[in-house]
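First the structure, in the form of structure tokens, and then the observations on it.
Computed from a predicted model, the values in this text were never measured in an experiment.
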Amino acid sequence: QPGDTAVLQGYFRGYDPRIGFTSGVIYCEDVVANEDNPIALTLDSIGRFSVKIPLDHPMSNNYCFDRIYHSFYIEPGDTLTIYADWEDLLQAYRFRDHHFEDFKSVCYMGASAKINADLNLAKKFISSQGNIRLFEMVKEVAPVDFMKLVEHETQRFLAVLDSISVIYYFSPQTIRLMKIDIANNMGEQFFEYLSTRKGMLQQDSANAILKMPVPDHYYDFLHRLMLDDEYRLIPDRSWVLINRFEYAKPFEQVYVRIGQEKFTNCVDYIRRFRELRDSVYTNYFGLKPSFLYDVIKIRELDFLMGQMNEEDMEPVLEIVLRDIQNPYLKLRGCELMKAYFQARKQPTCPLPEGKIAGYFRKIIEPYKGKVIFMDFWATSCGPCCAGIKAMKPLRESYKGKDVVFLFITDEGSSPLGAYNKVMADVEGEKLRLTRNDYNYLQELFQFSAIPYYVIINKKGEVVNQNYYRSGYRELFDRLLAE
């Protein structure tokens, strides 16, 4: 139910703030809306934290402290309490494993304590089985042989799950969630193999394995992914599989085809778009209607809304929601579209009051009265570094004007040596924050993927770029003239 919440609280025995960080983060991915909703966790002096999480449906996720992740499961209305030993985190550091599963001392309290303990145990056993070394195999294993390897690995994981579920009396809910988790892993492997070999072929065009055609039945794995299970929204990496599926190569042809056709209005364009996508799903993939495909239809609204005006909202919703049966997805579709057009009427987005917004205002105080272009980036992010280089002409054209280019990163994702190398020839203001402070800005602006750009006007307000719907040069000129 939209609008529900849950509370996550915890305690790290043995925590000492002198370790170097006082906050963590939960990356709450709204899979249906395709939006990031990071929530910062603040540790007090003895290692306690508590946070309220907006939650429409049960969620399996991770909290992260200093790039060490630990999973949890929570339901709307729950208060989940997690007790852990600081020694477990230190063990994860020793193994250099950001997704370390063997937390020996962790325990849970609350209505979902049992399922948390079961999932923690199941993931530990499954992860101990190892995984396919995808990047090593792409150049060496033919598509047909790779398919057999992934199928064998999946059956091995399911066999392990069957065994431990009997030994440890796992609930049907735990087994169902783990089966989806295993199916997600299988789907990711199949999709990643295709995308990786495509990139490698450009670098090694003589490789005979990479030049082998993908068999027509390659996508048959989709039939084994439990696509119609509503639990698909729960696992923390469900968004990865959905993202890979919605941008699969057969679907790419829809954009090519529709770009070659002529339309007199956006409603006809969207109707045709939906017809072509549905045809690929049904005729090429050979799939039946499913909950996961309905989720993809709602996610596509983000693209479609950019092609339409508010008066088109009713006929477009009728087209998109026509075959969707799930009431939650129908409600979310209506809410997302209404919220989009309501927000598009506002030239600025208000900042919430509180400690985090106050911290941000101190950051921009030196640039009061100027337009600020903020670029959240990292040295480990290739598109970020490419974007910084590509925007050099834009920065140069506003040199001497009241436009500030502010580059913000954090110490963990941008080591000092690499940071200095990237920023050496970049003109502008630069901030390399502690991970603690960066967590708070992620929550404030609701992002996890980078590069991420935020524009502040001369009054210190966050600019709603959907309102202006223009390129950066035109937008800067308008904001300077205000």
Report yes if some heavy atom in the side chain of Glu246 is under 4.5 Å from a heavy atom in the side chain of Asn243; otherwise report no.
yes

No-hydrogen, no-angle side-chain donor-acceptor test under 3.5 Å, Asp236 and Asn61:
no

Is the ring centre of Phe72 less than 6.0 Å from the ring centre of Tyr108?
no

Between the side chain of Tyr398 and the main-chain N/O of Val404, is any donor-acceptor distance below 3.5 Å?
no

Say you draw a straight line from CD1 of Ile324 to CG of Asp294; how long is it, rounded to the nearest 0.5 Å?
4.5 Å

Looking at Tyr11, Tyr83, Phe65, Tyr15, which hits ring-ring contact (aromatic ring centres under 6.0 Å, His included) with Phe49?
Phe65

Minimum heavy-atom separation for Ser414 and Thr409, please, with both atom names.
OG-OG1, 2.6 Å

Look at Arg322 together with Glu318 and state whether they make a salt bridge at an N to O cut-off of under 4.0 Å.
no

Tell me if a side-chain donor or acceptor on Asp78 pairs with a main-chain N or O of Leu80 at a distance below 3.5 Å.
no

Could you tell me the separation between the SG atom of Cys334 and the CG atom of Leu321, rounded to the nearest 0.5 Å?
5.0 Å

Any idea which heavy atoms bring Cys28 and Ile53 closest together, and the distance?
SG-CG2, 3.9 Å

Check whether any side-chain heavy atom of Val422 sits under 4.5 Å from a side-chain heavy atom of Tyr419, and report yes or no.
no

More than 12 heavy atoms of other residues, nucleotides or ligands under 6.0 Å from NZ of Lys370: is that the case?
no

Using the ring of Phe251 (Phe, Tyr or Trp, six-membered ring only), decide whether Arg277 places NZ or CZ under 6.0 Å from its centre and within 45 degrees of its axis.
yes

For the CG atom of Leu227 and the CG atom of Leu241, what is their distance to the nearest 0.5 Å?
8.0 Å

Does Lys430 pair with Asp375 as a salt bridge, N-O distance under 4.0 Å?
no

Checking Ser238 side chain against Ile234 main chain: does a donor-acceptor pair fall under 3.5 Å?
no

Would you say CD of Glu275 has more than 12 non-hydrogen atoms from neighbouring residues, nucleotides or ligands within 6.0 angstrom?
yes

Please test Tyr63 against Val51 for side chain to side chain contact (heavy atoms under 4.5 Å, CB included), starting from the C-alpha separation and ending with a verdict.
CA-CA 11 Å; Tyr63 58 83; Val51 67; over 6 Å; no

Decide if atom CD of Glu461 counts as having more than 12 heavy atoms of other residues, nucleotides or ligands within a radius under 6.0 Å.
yes

Is the CG atom of Asp425 crowded by more than 12 outside heavy atoms at less than 6.0 Å?
no

Do we see a donor-acceptor contact under 3.5 Å between the side chains of Thr42 and Tyr440?
yes

Before giving the answer on salt bridge (Lys or Arg N to Asp or Glu O under 4.0 Å), spell out for Glu310 and Arg344 the whole-Å C-alpha distance, their side-chain angles and the decisive distance to 0.1 Å.
CA-CA 10 Å; Glu310 188 171 7; Arg344 210 163 81 175; over 6 Å; no

Side-chain donor-acceptor contact under 3.5 Å, Asn185 with Arg237:
no

Could you please spell out the steps behind the side chain to side chain contact (heavy atoms under 4.5 Å, CB included) verdict for Leu479 and Val463?
CA-CA 9 Å; Leu479 295 175; Val463 172; 3.9 Å; yes

How long is the gap from CZ on Arg244 to OG on Ser195, to the nearest 0.5 Å?
6.5 Å

Would you tell me whether Asn436 and Asn439 have side-chain atoms, one donor and one acceptor, within less than 3.5 Å of each other?
no

Whether over 12 other heavy atoms sit under 6.0 Å from Phe303 CZ
yes

For the backbone of Gly460 and the side chain of Asn457, can you confirm whether one donor and one acceptor N or O come within less than 3.5 Å of each other?
yes

State, with a plain yes or no, whether a side-chain heavy atom of Leu433 is found less than 4.5 Å away from one of Glu411.
no

Under 3.5 Å, is there a donor on one side chain and an acceptor on the other for Asn37 and Glu29?
no

So does Gly412 get a backbone contact from the side chain of Asp410, meaning a donor-acceptor N/O pair under 3.5 Å?
yes

Given 3.5 Å as the limit, does a donor-acceptor pair link the side chain of Arg232 with the main chain of Leu225, or not?
yes

Cut-off 3.5 Å, side chains only: do Tyr328 and Asp56 have a donor facing an acceptor?
yes

Would you check if Ile180 and Asp229 make a side-chain contact, meaning some heavy-atom pair closer than 4.5 Å?
yes

Testing the 3.5 Å rule here: is there a donor-acceptor pair between the side chains of Tyr27 and Gln442?
yes

Ser290 side chain to Tyr281 side chain, donor-acceptor N/O pair below 3.5 angstrom:
yes

Of all heavy-atom pairs between Met186 and Phe221, which one has the smallest distance, and what is that distance?
CE-O, 4.0 Å

Taking Lys458 for the side chain and Glu482 for the main chain, is one N or O donor matched with an acceptor at less than 3.5 Å?
yes

Among Val240, Leu119, Val31, Asp181, which residue satisfies the side chain to side chain contact (heavy atoms under 4.5 Å, CB included) criterion with Pro235?
Asp181

When you compare the side chain of Tyr219 with that of Phe190, does any pair of heavy atoms fall below 4.5 Å?
no

Please report the closest heavy-atom contact between Tyr453 and Tyr472, naming both atoms and the distance.
CD1-OH, 3.5 Å

Check: Pro76 main-chain N/O paired with Asp4 side-chain donor or acceptor under 3.5 Å:
no

Test item: side-chain donor near acceptor, Glu75 and Ser112, under 3.5 Å:
no

Give the C-alpha distance, both sets of side-chain angles, the deciding distance and a yes or no for side chain to side chain contact (heavy atoms under 4.5 Å, CB included) between Phe291 and Met226.
CA-CA 9 Å; Phe291 178 77; Met226 305 166 67; over 6 Å; no

Walk me through whether Phe445 and Tyr452 qualify under ring pair (Phe, Tyr, Trp, His ring centres under 6.0 Å).
CA-CA 9 Å; Phe445 293 111; Tyr452 186 79; 7.2 Å; no

Atom CZ of residue position Arg473 - does it have more than 12 heavy atoms of other residues, nucleotides or ligands inside 6.0 Å?
yes

So, Asp278 and Tyr293: side-chain donor and acceptor under 3.5 Å apart, yes or no?
yes

Locate the shortest heavy-atom distance separating Ile242 from Arg299; write the atom from each residue and the value.
CG2-NE, 3.4 Å

So, do Leu201 and Arg197 sit near enough that their side-chain heavy atoms are less than 4.5 Å apart?
no

Asp36 side chain to Gln446 main-chain N or O, any donor-acceptor pair under 3.5 Å?
no

Do any N or O atoms from the side chain of Ser60 and from the backbone of Tyr73 form a donor-acceptor pair under 3.5 angstrom?
no

Please evaluate residues Ile258 and Tyr269 with respect to the criterion side chain to side chain contact (heavy atoms under 4.5 Å, CB included), reporting the C-alpha separation (whole Å), side-chain torsions for both, the decisive distance (0.1 Å), and the verdict.
CA-CA 8 Å; Ile258 204 167; Tyr269 171 89; 3.6 Å; yes

Validation row: Thr5, Leu55 side chains within 4.5 angstrom (heavy atoms)
no

Do Met423 and Trp377 touch side chain to side chain, with heavy atoms closer than 4.5 Å?
yes

For the residue pair Arg395 and Ile388, what are the closest heavy atoms and their distance?
NH1-O, 2.8 Å

Testing the 3.5 Å rule here: is there a donor-acceptor pair between the side chains of Glu429 and Tyr367?
yes

